[in-house]
Engineer: 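Would you mind keeping the following structure in view while I ask a few things?
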Amino acid sequence: IVSGTATSGGSVTAAFNGTSGTIATANVVSNVNARPSVEGRATAGGVGAGITNGTVTATLSPTITTSVGGNLTATGNVTVLTDARLGADSYYQAISLGGLGAVGTGTIAATNSATIRTVVTATGTVGSTGGSVNVLAYHNFDGTNFLSANTVEAGAKQVTVSIGLAVSDVNMTATASASVKSDVDAGGTLVAPSGSVNVKSVSGNYAISQYKRTGGALIGVAPDANPTATASGTTEVNLLGHVRSFDGVTSTSGASNIDVLAKANDIATAGIDNAGGGAISIADSNSTAQGTPHINVVFGGSSSVIISTNDASAEAFSGNDADASTSSATGGVLNVNLFGATASMTPTVAISVTGGAHITSDLGTVTVEATSNEEPPPTSDGTFNAATVSGNTITFALVHNAFTGQLVAYDRQGGGAIAPNLDGRSITVIVTGTNTLQLGVVFDGAAVNPFTDVIDFGNRSHNLETGDIVIYQPIGGAIGNLP
């Protein structure tokens, strides 16, 4: 008899509840890397009977929280991040040899039920006067790519051999069901008038359950081999507070642009490789891959004021898949095969705007979208050929997915400069097409004082420097006597 357990639990908390004053940059971060792993091995043999019995369990259940309940302000970027990279392994191997009978049974389970949350509470304010604000909850995601090697695996391999009767019975469950949330509670405020406000929850749940059996006897029976893989994560963004600049009376733009995203990969894989032989051979094998992932965005609470100078987007996206396979081969005078494979995935992908919320884009558009298993088209990595710049417009080979007002860094990467005094600087862009853009800044002509010749960008940084050569391009009516 074999029994093994590996558990990773407890709690990790990072919190800021004070007042920062104005600092250069700020990061409030919780990082957790965990992978409990357990392996059981059993061998039994005898003239009369050989019996093995194993119970092997790996459990992952930490609670990881990063929060801001105070006033955190910087001139540059501010990031509040929970970064959890988690997996679990449970394996069992057994050999049973018997003169008259050999019996092998096993229960193998691996589970990831972690709770991961990044939150700006009702009393919290996160702001940047010249950079961006990021409120992020990541699970098996490095900021660019999903970490698909961080799996939850339950696996078994059994060999049963007997002159008389051989029985192999094993149940395996691999469950990946992390809860990942990025929240701004009602009353909480994000503000980055010159940069982006990003509120994102991204999670990867990967469940694998595999079984392999070899049996031989005068009578061979495999009554139950049931690997089950379940990928059912919960991934949410709840923006119930504000994105605004507020002077106590008037609310103005709280971000150059706003990006709200809940994105999840929920993948379940189950398989059986079953082989047996005997004068009478009976095989019963069933593999199941399944999932009910939930991906949800609430874009605005009942009293939220959310204002963006340029584009504001909110998206819920689910990438999901279930694969189940069964391979069963038996040989004997009489063969009975009962085997099956079932794959099902039922995602719930939703996005909502609460009644009473006020969401405004001064110069751009507001986009709300929910999709499931819709692969995005290939996009540009931001590189371009300086020799192709024409009419002050940069052209990319692929769709750039940038938005007007987005702050980017220019790096000529050893090539020719497209303008003097630009290399290494951060500057905003003006989108002119899906593959084209210009470097510059949009402003409201009504904010120009014709007597002092001053353009007022409000609480936004224009990112221009003295000596920059700029070209005025009116959208709509021109200012004063300018063409």
Side-chain angles (χ1 to χ4, degrees), residues 13-20 26-30 64-74 77-83 115-128 131-139 179-193 195-203 234-246 251-263 295-309 311-316 350-361 366-368:
T13 301
F16 179 87
N17 295 312
T19 300
S20 67
N27 297 285
V28 184
V29 181
S30 296
I64 310 163
T65 305
T66 309
S67 66
V68 173
N71 192 322
L72 181 61
T73 303
N77 293 337
V78 181
T79 297
V80 186
L81 167 66
T82 306
D83 184 355
T115 300
I116 299 156
R117 187 182 187 219
T118 302
V119 58
V120 178
T121 70
T123 59
T125 296
V126 180
S128 172
S132 297
V133 166
N134 307 294
V135 179
L136 311 171
Y138 290 162
H139 168 241
S179 173
V180 183
K181 297 182 181 181
S182 187
D183 298 332
V184 180
D185 290 344
T189 299
L190 309 179
V191 54
S196 303
V197 165
N198 303 297
V199 186
K200 299 182 179 182
S201 183
V202 186
S203 178
T234 297
T235 308
E236 295 184 2
V237 171
N238 298 289
L239 177 49
L240 306 180
H242 308 296
V243 181
R244 65 174 176 176
S245 299
F246 186 56
S251 293
T252 56
S253 175
S256 177
N257 48 271
I258 299 171
D259 188 5
V260 176
L261 173 68
K263 183 176 182 178
I295 299 88
N296 186 64
V297 171
V298 179
F299 188 29
S302 60
S303 59
S304 292
V305 177
I306 299 172
I307 305 174
S308 174
T309 302
D311 293 344
S313 67
E315 181 183 6
I351 189 166
S352 61
V353 177
T354 307
H358 294 269
I359 302 174
T360 304
S361 171
V366 176
T367 304
V368 177

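Below, all heavy atoms of this structure are taken into account, side chains as well, without hydrogens, waters or symmetry copies. Start at 1 with the first residue, then count along the sequence.
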Engineer: What residues form a side-chain contact (heavy atoms from CB on, under 4.5 Å) with Val297, not counting sequence neighbours?
Structural biologist: Val237, Val260, Ala262, Phe299, Ala314, Ala316, Ile351
Engineer: Looking only at atom types and distance, does a side-chain atom of Ser308 sit under 3.5 Å from a main-chain N or O of Asp311, one as donor and one as acceptor?
Structural biologist: yes
Engineer: Using the test salt bridge (charged side-chain N to carboxylate O under 4.0 Å, His left out), find all partners of Asp183 that sit at least two apart in sequence or belong to another chain.
Structural biologist: Arg117
Engineer: Leu190 and His242: side chain to side chain contact (heavy atoms under 4.5 Å, CB included), yes or no, with the steps?
Structural biologist: CA-CA 6 Å; Leu190 309 179; His242 308 296; over 6 Å; no
Engineer: List in chain and number order the residues that pass side-chain contact (heavy atoms from CB on, under 4.5 Å) with Asn27, two or more places apart in sequence or in another chain; answer none if no residue qualifies.
Structural biologist: Val29, Thr79
Engineer: Quick one: side-chain hydrogen bond (donor to acceptor under 3.5 Å, both in side chains) partners of Thr121, sequence neighbours excluded?
Structural biologist: Thr123
Engineer: Do you know the tightest heavy-atom contact between Gly241 and Ser304?
Structural biologist: O-OG, 2.7 Å
Engineer: Would a 4.5 Å heavy-atom cut-off, applied to side chains only, mark Ile307 and Ser251 as touching?
Structural biologist: yes
Engineer: Side-chain contact, heavy-atom cut-off 4.5 Å: Thr309 with Asn257?
Structural biologist: no
Engineer: Applying side-chain contact (heavy atoms from CB on, under 4.5 Å), can you list everything that pairs with Thr367, at least two apart in sequence or on another chain?
Structural biologist: Ser313, Thr365
Engineer: Could you tell me whether the side chain of Leu239 reaches within less than 4.5 Å of the side chain of Val298, counting heavy atoms only?
Structural biologist: no
Engineer: Do you know which two heavy atoms are closest between Ala357 and Gly301, and how far apart they sit?
Structural biologist: CB-O, 3.1 Å
Engineer: Using side-chain contact (heavy atoms from CB on, under 4.5 Å) as the criterion, list what pairs up with Ser128, not counting sequence neighbours.
Structural biologist: Val78, Val133, Ala192
Engineer: Give the minimum heavy-atom separation between Ser245 and Val191, together with the two atoms involved.
Structural biologist: OG-CG2, 3.4 Å
Engineer: Testing Thr65, Thr66, Thr13 for side-chain hydrogen bond (donor to acceptor under 3.5 Å, both in side chains) with Thr82, which one passes?
Structural biologist: Thr66
Engineer: Taking only residues two or more places apart in sequence, or in another chain, which ones meet Glu236 in a salt bridge (charged side-chain N to carboxylate O under 4.0 Å, His left out)?
Structural biologist: Lys181
Engineer: Quick check: closest heavy atoms across Tyr138 and Leu81, and the distance to 0.1 Å?
Structural biologist: CD1-CD1, 3.7 Å
Engineer: How would you list, by chain and number, every residue that makes a side-chain hydrogen bond (donor to acceptor under 3.5 Å, both in side chains) with Ser201, sequence neighbours excluded?
Structural biologist: none
Engineer: I need the minimum non-hydrogen distance between Ser203 and Val180, along with the two atoms involved.
Structural biologist: OG-CG2, 3.5 Å
Engineer: Give me the atom names and distance for the closest heavy-atom approach of Ser132 to Ser196.
Structural biologist: OG-N, 2.9 Å
Engineer: Considering residues at least two apart in sequence or located in another chain, which fulfil the side-chain hydrogen bond (donor to acceptor under 3.5 Å, both in side chains) criterion with Thr73?
Structural biologist: Asn71
Engineer: Among all residues two or more places apart in sequence or in another chain, which pass the side-chain hydrogen bond (donor to acceptor under 3.5 Å, both in side chains) test with Thr115?
Structural biologist: none
